[in-house]
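The structure appears right after this line, and notes come after that.
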Amino acid sequence: MDMAFLTDSSLFLCPVPIGLAAAPVLPDHFICLLDRAGDITGWSADAERISGYRAADILGRPFSDLFPSDQGGVGVLSQALEAAWNWGRGERTGTAGRKDGSRFRAQVVVHAFTDDQGRPTVGAAAFIRDLTVQKLPAGPHCPADTALDIILRKLSEGVALFAADHGLVYCNARFGAILGLSEDLLRYGTSSDQLLSELMGAPGDGGDAMVLHQTHVGLEEQRDWTIEIRRLDRSVLLSCFVLPDGRRVVTCDDMTARRQAESRATYLEQHDPLTALANLYGLQRHLQIHCARPGNRFSVFYFDLFGFKRVNNTMGHAAGDELLRIAAGRIRAILGSSDLGAHLRGNKFAIVAHSEQEDGGIDALARRLRTALTRPIAVLGHEVTVGVGIGIVRFPEDGADRDTLLWNADIALQHAKDGDASRIRFYDPDMDEARRRRMELERDLRFALERDEFVLYYQPFLNLKTNRIVGFEALIRWQHPQRGLVSPGDFIPAAESMGLMYDIGVWTLDAACREAVGWPADTVVSVNVSAAQFRHGGLVETVKRALACSGLDAMRLELEITETAMIDDVPHAGRVLRQLRDMGVQIALDDFGTGYSSLSFLHSLPFTRIKIDRSFIRDMGNGMGDGGAIVRAITGLCGSLGVVATAEGVETQAQFDYLKQVNCSEIQGFFFSYPCPAAEARKLLDVHRD
């Protein structure tokens, strides 16, 4: 309802709210005005006539005073008001009271005043109809100069009155405008059948035609109805209520803007604004719907992008967002028309695949997804690559409801991340037990540092020329109170996923330096540095603190770095390693030969030791195969560069003899010694120092 209604001088003397001017409205109706709090601000002569209250009695009082609480009237009123404030119009039927104490059955229709966008503003008009009045005048129609006509012309809704014979008696301009009806159809006496036929359109128009046909039946059967139709690309709400004498009032309201806003709100509620894929709520709703359809079959892929955090941390959030947008585009490119893609949070995504039903097709789709996401991605001028792990569940085999499917998909994803190189795993019920064990391990791991449950074992480096121990690698173990000694392979992946590796790395460095102080002055302790420590940005300060607190000479500390810990930002790695070398700390490149940039690393970074990966030692044979050739090449390269070559994983006499033959500097492995506690390491030093 337009706010201009408030300033119409035929109804009010503004700004002081007084009674409404007398208006020749229908004798069973009266009108009053309400403010936003529900108090009466305008009162008509018909209101005084029907209720018995004069304007002086009622103005400023709550509208609820007209409705006896013992008859449930206040509840009816509050519902009508709430609907008006929310939707522009509220209608309820209940019991009203007169000043003399008598009561009558009343229909209450509240229209909120609205602005140009159709939003409820500061007040409302309440129409109250006395349903006990059985006979109403059936005159031609309301004169154009009456207050009621002024009100109807101000309404944002369209209103039409039909006589008992279905002929049109009156309609306001909005009725024709909203429904797009011609002037010829809006003449006095036009039958409701003609109007409904026009609204139904040609046969085959669809659902609205069927609804309007049912509405026509409703008119014939003298019953109220409300429907929403599409008319001229607009959503229109049509309502009809039947008066006791057989006449009908039909209202129409243009709901297009509201429905568009609701549709937009629903879209935003169910979609991720960054990637334009569905969000977690959208995924859940989609699964809820499709799980409820009998005979339905589909699969759910849960997958993580490995390397997203690296990009986010080293290149900034803008780069991380760009990576996610590009990944989302690649995901959309492989989806079938019936499939759904979702971005759940951070680096986690999901797909609901309806287009593939058999395991072979599902597996092929997963491989296409992996291929698409692992291709190099150009992010803000830099080329980056990411990995992907994919867990897959099938409906209904792996879960008959939404929550079970998502839970089992996450279990499959965890196994994919810890599994073979394909990183694709279908859910298997046996995974539940492994998941339970993993959760228990993670729970205990959170408190392992606090409870001082970690210990260090030491594996020696043996110099092949002197046959003396020149140093030890510090290897962490977890002394679990129930499980016993837990190896790194069983808890390090969990610690990495939980973000605990930085703290564990700091503890390892401190403990190793304290132990090495008691060794001979020329014995080195080697400590592994994780990617988390390297990315943290405080590695140099952490090393300085460990050396200062323990009193260990910097020359006796060696840090072992893997290529994967540095590959994210090689320039940054170079700066950090050079600072450490300037302090005197020695630097070892671990697992040499397994990465892609090892030779360039040797040229640009200040390594003092190269550790030849155990895979080459295992494949070395008698020195005639590829493994032997690679080992010979690496030891020759290290000799030329003046870098110590240490062979990892030496387990046999043949390997030992060959490495000695090709002038490998040092060895480490079970052939010489298993990792051992600190006390045993000191005994080994005593034996192999003479």
Side-chain angles (χ1 to χ4, degrees), residues 272 275 277-278 280 282-284 286-308 323-324 326-377 385-436 438 493 497:
D272 169 47
T275 63
L277 297 174
L280 176 60
L283 172 68
Q284 291 172 332
H286 184 87
L287 290 175
Q288 189 81 30
I289 291 169
H290 286 278
C291 286
R293 293 179 178 174
N296 209 358
R297 288 180 57 81
F298 57 86
S299 57
V300 181
F301 296 13
Y302 242 35
F303 53 100
D304 281 353
L305 300 183
F306 310 144
F308 165 71
L323 173 61
L324 293 176
I326 294 171
R330 294 184 179 185
I331 291 167
R332 275 191 292 271
I334 71 164
L335 295 179
S337 59
S338 59
D339 299 340
L340 175 80
H343 176 220
L344 309 183
R345 65 181 181 276
N347 65 335
K348 187 176 289 295
F349 291 81
I351 285 174
V352 182
H354 300 274
S355 56
E356 298 289 351
Q357 301 291 334
E358 302 302 325
D359 285 357
I362 294 170
D363 183 68
L365 177 61
R367 293 180 184 278
R368 292 200 302 274
L369 174 65
R370 183 189 61 192
T371 300
L373 293 176
T374 54
R375 294 199 315 268
I377 300 174
T385 57
V386 297
V388 62
I390 306 171
I392 305 172
V393 292
R394 294 145 298 188
F395 176 82
E397 295 94 326
D398 299 326
D401 60 82
R402 177 196 71 189
D403 293 337
T404 302
L405 284 171
L406 294 180
W407 176 262
N408 290 342
D410 193 45
I411 292 175
L413 172 59
Q414 297 305 317
H415 282 263
K417 290 159 68 173
D418 297 337
D420 58 27
S422 74
R423 302 280 188 174
I424 299 173
R425 292 294 298 273
F426 282 79
Y427 171 77
D428 186 293
D430 291 341
M431 293 177 177
D432 287 331
E433 177 60 23
R435 173 66 172 256
R436 184 190 62 79
R438 172 68 175 256
S497 66

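Here the side chains of I390 and L369 are in contact, with some heavy-atom distance below 4.5 Å. Side-chain contact between I331 and F303 is present, with heavy atoms from C-beta onward closer than 4.5 Å. The shortest distance between side-chain heavy atoms of Q414 and I411 does not fall below 4.5 Å. Residues F349 and V388 fail the side-chain proximity criterion, which asks for heavy atoms closer than 4.5 Å. Side-chain contact between R330 and I334 is absent, with no heavy-atom pair separated by less than 4.5 Å. With a 4.5 Å cut-off on side-chain heavy atoms, I424 and R367 count as touching.
Around CD of Q357, the count of heavy atoms belonging to other residues, nucleotides or ligands within 6.0 Å exceeds 12.
D339 contributes no side-chain N or O that, together with a main-chain N or O of I351, makes up a donor-acceptor pair within less than 3.5 Å. When atom types are taken as modelled, the side chain of N408 and the backbone of D398 share a donor-acceptor pair closer than 3.5 angstrom. No donor-acceptor pair under 3.5 Å is formed between the side chain of R394 and the backbone N or O of I362. Remark: the backbone N or O of A278 is not paired with any side-chain donor or acceptor of D272 at under 3.5 angstrom. Checked by atom type and distance alone, the side chain of R402 never pairs as donor or acceptor with a backbone atom of L287 at under 3.5 Å. A donor-acceptor pair is defined here as one N or O able to donate and one able to accept, closer than 3.5 Å; such a pair exists between the side chain of T374 and the backbone of R370.
Each of H290, E358, E397, E356 was scored for a side-chain hydrogen bond (donor to acceptor under 3.5 Å, both in side chains) with R297, with one residue passing: E397.
Between D304 and R423 there is no salt bridge, since none of the side-chain N atoms of the basic residue sits less than 4.0 Å from a carboxylate O of the acidic one.
Pairs passing the ring pair (Phe, Tyr, Trp, His ring centres under 6.0 Å) check and including a residue from residues 390-414, sequence neighbours excluded, read F298-F395.
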